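In what follows, a single structure is set out as C-alpha cells and then discussed.
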Amino acid sequence: AMEKSRPLWDNPLQFIFACISYAVGLGNVWRFPYLCQMYGGGGFLIPYFIMLFAEGMPLLYLELAVGQRMRQGSIGAWKIISPYLCGVGVASVVVSFFLSMYYNVINAWAFWYLFHSFQDPLPWATCPLNSNRTGYEEECEKTSSTQYFWYRQTLNISPSLEASGSVQWEQALCLTLAWLVVYLCILRGTESTGKVVYVTASLPYCVLIIYLIRGLTLHGAVNGLIYMFTPKLEQLSNPKAWISAATQIFFSLGLGFGSLIAFASYNEPSNNCERHAIIVSLINSTTSIFASIVTFSIYGFKATFNYESCIDKVILLLMNAFDLEEGSLTADNLDEMKGYLMATHPQEYAQLSPQLKNCSLEAELDTAVQGTGLAFIVYSEAIKNMEVPQLYSVLYFVMLLMLGIGSMLGNTAAILTPLTDSRVIAAHFPKEVISGVVCFINCVIGLIFTMEAGNYWFDIFNDYAATLSLLLIVLVETIAVCYIYGIRRFEKDLHTMIGRKPNWYWKVMWAFASPLLIVSLFIFYLTDYILTGTLQYQAWDATQGQLVTKDYPGYALAAIGLLVAASTMCIPLGALLTFIRKRLKRENVSTV
Amino acid sequence: VLLLTLFVVTIAHAELCKPDAQNAFKVRLSIKTALGDNAYVWDANEEYLFRAVVAFTMRKYSSKSTTRISNVLLCNVTDRVSFWFVVTDSSENVTTVPGSEVEAAIRMNRNRINSAFLLSDKTLQFLEITSTLSPPVEPSTPVWLIVFGVVLCLIVAGIVFLIVAGIQQRKKKNKESTEGENLEDKGEVTVTVENGIPCETLDLKAGHINGVFAADDERFTSL
C-alpha cells in the first residue's frame with residue numbers, strides 16, 4: 001500500500017518545544033501554587049516528585065513512543081495496536097473536542113483583559129460611579145473593584161445557572177478573535193505549528209523571569225515566600241495531598257488527550273523519545289515550581305498590602321471617632337492605644353468595636369485561590385498596586401495568552417491529526433478546510449460560554465468533561481500496551497527506534513505502578529462523586545457581593561452525565577462495533 | 001453694659017454652635033495625610049481663613065446674601081483637626097441659616113474651598129455633605145475596541161496570506177504532477193506500508209540511519 005509521506009517537524013527542537021508548549025499551560029500557573037499552599041507548602045514537593053517518577057514520566061514516554069512508532073493520530077495508532085481499541089482513540093478525540101470548546105474561552109478572557117490594559121488608570125483599579133455620582137456602584141462597594149470588574153464587567157454573570165441571559169457581544173468578539181488566532185497557527189499543520197511553538201514555549205519563561213525579579217522586589221513578597229515554603233509535613237499524612245499530587249501530575253502533562261500521540265507521530269522514527277519524555281516532564285514540573293515562586297511573592301505582596309490597608313482603616317476609624325491628633329496612632333502603638341482607649345472611653349469604644357476588624361497577615365495569606373479566580377482576580381489586584389501597572393498587566397496577559405494558545409495547539413492537533421489521517425476525509429478536503437471547519441464549529445458552540453450564565457457552564461466543563469474520562473482512557477492505554485500489545489513487542493519496537501531497550505524502571509512502572517495509581521485515583525474520584533450526592537456550584541450573588549453555593553438543576557446534572565458518558569462509552573462501543581463487524585465478515589465469508 | 005452684651009453674645013454663640021446643633025456641620029481635616037512634610041499647623045489664622053471662605057461661599061451662592069465673616073461661628077476644635085461650624089443670619093446672630101442652603105452652597109463651591117486649604121474632597125471632609133465624584137474621562141471609542149481592531153486586522157491578514165500561499169503552492173504542484181503523470185511518479189515521495197506499519201521503521205538497524213542510504217525515500221522502486 002502506498003501513502004503520501006507524513007509531514008515532519010523541521011528538527012527535534014520543534015517537537016520538544018511543541019510538547020513543552022502544550023504541557024506547560026495555565027494549570028502550572030494557577031493550580032499548582034494552590035495545591036502547594038493547601039497541602040503543606042514545601043512539603044508538597046515530596047508527593048509531587050514521587051508521583052512524577054511513578055506515573056508522570058512513564059506515561060509520557062509511553063504515549064510519545066506509541067505516537068512515534070505508529071506514526072498516526074490517536075485513532076489510527078490504537079487501531080494498529082488492536083482493532084478492538086479504536087474506541088480509545090475516538091474517546092481521546094471526543095475529550096479533546098470538549099476541552100478545546102471551553103478552553104479557548106480562557107484565551108478570550110485573556111484578550112479582553114489585555115485590551116483593557118492600555119488605559120490609565122486600569123479599569124479594575126477603581127469602582128465605577130453610581131447613577132447620581134454621589135458614590136460608587138453598590139455592588140462594587142460590597143466587593144472589591146477587581147472582583148467587580150471580573151464578575152460584572154467581564155462576565156456580566158447571572159445569579160444562577162438557570163438564568164441564562166443573552167450572549168455578551170464583547171466576549172463573543174474576543175472568542176472569535178481567539179479562534180482566529182488558533183486557526184492561524186494550525187492552518188498549515190506542522191509547518192505553521194512548528195514555528196509558532198518557538199514563541200509560545202519560550203515567551204512565558206521570559207515573562208515569568210521578569211515577574212520573578214519584579215515579584216521578589218515587591219514590598220511584602222518575602223512574607224508570601226516564607227509562608228509557602230515552610231513545610232507543614234503533617235499534611236503528608238493526609239491522603240488528599242497524595243491524590244492531588246497524582247492528579248496534578250497526570251493532568252498537567254496532558255496525557256490521554258491524544259495530543260502527545262499526534263505530536264510524536266510527526267517525528268522521525270529514530271527520534272530519541274525517551275530522552276525527550278524525561279526532558280519535557282522535568283521542565284513541566286520545574287516550571288510549576290518556578291511559577292509558584294512568582295505567585296507566592298505576588299500573594300505576599302497582596303496580603304501585606306491588604307493587611308496594611310486594614311490597619312490604616314482601623315487607625316482612621318479610631319482617629320475620627322475619638323478626634324485624636326493625626327500621627328498619634330501608628331501601626332506600632334495601635335494595640336496599646338486600643339487598650340488605653342478602651343479603658344478611658346468604654347462606651348464609645350464598645351459602640352465602635354463591631355467595625356474594628358482584627359487585621360491579620362496570616363488570614364490574608366490563608367485565602368487560597370485557584371483557577372480563573374487566581375489568574376484574573378488576585379493577579380490583577382496585585383498588578384494594579386504596582387508602579388507602571390499597564391506594563392506589567394500587558395506582560396502578564398500576554399503570558400497567559402501564550403500559555404493558553406500553546407495548549408490549544410495541542411488540543412486541536414489531537415482532533416485534526418486523526419481527521420487528516422483518515423483517507424475518507426483527507427482525500428476530499430484540503431487540511432485548511434478541515435481545520436477551518438473544526439475551528440468554526442468550536443467557536444459557535446463556544447458562544448454558550450459567553451452568555452451571562454456562561455461561567456457556570458465553563459465550570460461544569462472544567463470539572464467534569466475531562467477528569468474521569470481521561471483516567472479511564474490512560475488506564476486502558478497502559479493496559480493495552482503492556483498486556484494486549486505485549487511489553488516484549490513494545491520493547492523491541494523501542495529498540496528499533498531508539499537503539500536500546502527500556503530498562504527495568506520503565507517496565508515496572510508501565511506494567512504495575514502506573515496502572516495501580518490510576519485505578520486508585522479512579523476509585524477515589526468515583527466514590528467521592530457518589531458520596532457527595534448532589535453536585536453543587538458557586539454562584540455569584542450581586543446583592544451580597546460574594547459567591548454562594550447552589551445545587552445544580554436537573555438538566556445540568558444530565559449534561560454532566562452526558563459529558564462523561566460521551567467519551568467513556570466510546571471505548572466499549574468501539575470494541576463492540578469491531579466485534580460485530582468481524583462477526584459479520586466471518587458470516588459473509590462462511591455463507592459464500 | 002458692654003461686658004453684659006459681650007457675655008450675652010458669647011452665650012448666644014455657644015447656644016448656636018455646639019456639636020449636633022441645628023444647621024451645624026462637622027468638618028474634619030487630614031492635613032498631615034494630604035501634605036506630609038509640607039503640612040501646616042492649624043491655628044487661629046487658619047480658622048479665620050475658613051470662616052472667610054465659608055462667608056465667600058454663602059455670598060456666591062445667593063447673590064443677595066450679606067454674610068459677613070463674623071456670621072460664621074466655629075466651635076469644639078480638636079487635635080484631629082475637626083470642628084463644628086454654623087452660619088448665622090446677618091447682624092442679629094440669633095438665628096442660623098438653614099442647613100440645606102449651607103449644604104447647597106458648599107457643594108457648589110467645594111473646589112474653591114478645597115484649594116484654599118491645599119486639600120481634596122477626601123482630606124477636607126464635611127460630614128453629611130456628600131461630594132459629587134468626578135467621573136473618569138471616557139474617550140468616544142473605548143480604547144479596547146481600537147486595540148481589538150488592530151489585532152483582528154493583523155490576524156485576518158495573516159490567515160488570508162497563508163491560505164492564498166497554500167492555494168498557489170497547490171496549483172504549482174498540480175501543474176507539475178500533470179506534466180509528469182505519464183512518466184513514473186518521481187515527484188511525490190512515497191513510503192511503502194506493510195500492515196499499516198511503515199517499512200522504514202522495520203528496516204532501521206539499531207535506530208541509526210546508515211549514511212550511505214541517506215535518501216531513504218528513494219530506496220524503494222515505485223510500483
Side-chain angles (χ1 to χ4, degrees), chain A residues 1-6 68-72 76 79-80 111-112 114-119 121 123 126 128-130 132-136 170 173-174 176-177 180-181 183-184 187-188 192 268-270 272 316 319-320 322-328 430-432 436 493 495-500, chain B residues 28-33 39 76-83 125 127 130-136 139 142-148 151-152 154-156 158-159 162-163 165-167 170 185 188-198 200-209 217 222-223:
Chain A
M2 298 288 217
E3 257 185 32
K4 236 191 6 206
S5 85
R6 202 171 178 72
Q68 191 171 303
R69 177 77 183 79
M70 307 305 167
R71 310 198 80 210
Q72 298 260 315
K79 228 189 254 186
I80 296 174
F111 268 123
W112 169 265
L114 176 66
F115 296 151
H116 277 88
S117 308
F118 291 97
Q119 295 172 13
T126 48
L129 303 175
N130 60 17
N132 52 4
R133 295 220 227 134
T134 51
Y136 297 116
E170 300 98 338
L173 276 182
C174 290
T176 319
L177 181 66
L180 283 173
V181 172
Y183 182 52
L184 178 67
L187 188 50
R188 295 287 213 90
S192 49
E268 297 271 353
S270 58
N272 190 349
L316 193 68
M319 267 199 325
N320 288 347
F322 294 106
D323 285 321
L324 302 164
E325 191 183 335
E326 274 183 289
S328 58
K431 58 177 181 289
E432 285 92 342
D493 288 339
H495 184 73
T496 325
M497 283 199 296
I498 301 175
R500 64 168 174 280
Chain B
R28 190 189 291 146
L29 286 88
S30 310
I31 310 175
K32 288 213 187 101
T33 321
N76 285 63
V77 185
T78 65
D79 280 336
R80 172 67 181 80
V81 179
S82 67
F83 49 84
Q125 291 168 302
L127 305 182
T130 50
S131 49
T132 323
L133 300 163
S134 55
V143 177
W144 79 269
L145 268 179
I146 300 175
V147 188
F148 170 79
V151 175
L152 185 68
L154 285 173
I155 302 284
V156 170
I159 291 177
L162 279 182
I163 292 182
I167 294 176
R170 203 161 293 130
D185 198 299
E188 276 208 77
V189 176
T190 52
V191 171
T192 50
V193 177
E194 200 54 43
N195 284 340
I197 303 171
E200 290 177 354
T201 60
L202 298 171
D203 285 326
L204 289 169
K205 283 209 167 103
H208 298 293
I209 299 182
D217 315 302
S222 329
L223 294 172

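Since the structure is predicted, the reported quantities are computational estimates derived from the model, not experimental observations. In what follows, chains are A, B, ... by sequence order, proteins preceding strands, each numbered from 1.
Atom-to-atom distance recorded for B:W144:CH2 and A:E170:CD is 5.5 Å, nearest 0.5 angstrom.
Of the two parts of A:L184, the backbone and the side chain both hold a non-hydrogen atom closer than 4.5 Å to a non-hydrogen atom of chain B. Proximity to chain B involves both the backbone and the side chain of A:N320, based on heavy atoms less than 4.5 angstrom apart. Contacts between A:L316 and chain B at a heavy-atom distance below 4.5 Å involve the side chain alone, from C-beta outward. For B:L29, the part sitting under 4.5 Å from any heavy atom of chain A is the backbone (N, CA, C, O) and nothing else.
The residue among B:V81, B:L162, B:L127, B:T33 with the most heavy atom pairs within less than 4.5 Å of chain A is B:L162. Counting heavy-atom pairs under 4.5 Å between each of A:F322, A:F118, A:F111 and chain B puts A:F118 at the top. The choice from A:T126, A:L324, A:L114 that makes the most heavy-atom pairs within less than 4.5 Å of chain B is A:L324. Chosen from B:L154, B:V156, B:D79, the residue pairing most often with chain A at heavy-atom distances under 4.5 Å is B:D79.
The two atoms that bring B:I159 and A:L187 nearest to each other are O-CD2, 3.9 Å, heavy atoms only. Heavy-atom minimum distance, B:G166 versus A:E432: CA-OE2, 4.3 Å. Residues A:R188 and B:A165 approach most closely at NH2-CB, 3.5 Å, considering heavy atoms.
A 4.5 Å side-chain heavy-atom check between A:E325 and B:R80 finds every atom pair outside the cut-off. Within the 4.5 Å cutoff, the side chain of A:Y183 has heavy atoms near those of the B:I163 side chain.
Ring geometry, A:F115 versus B:F148: the interplanar angle exceeds 60°, so the pair is classed perpendicular (tilted spans 30 to 60°).
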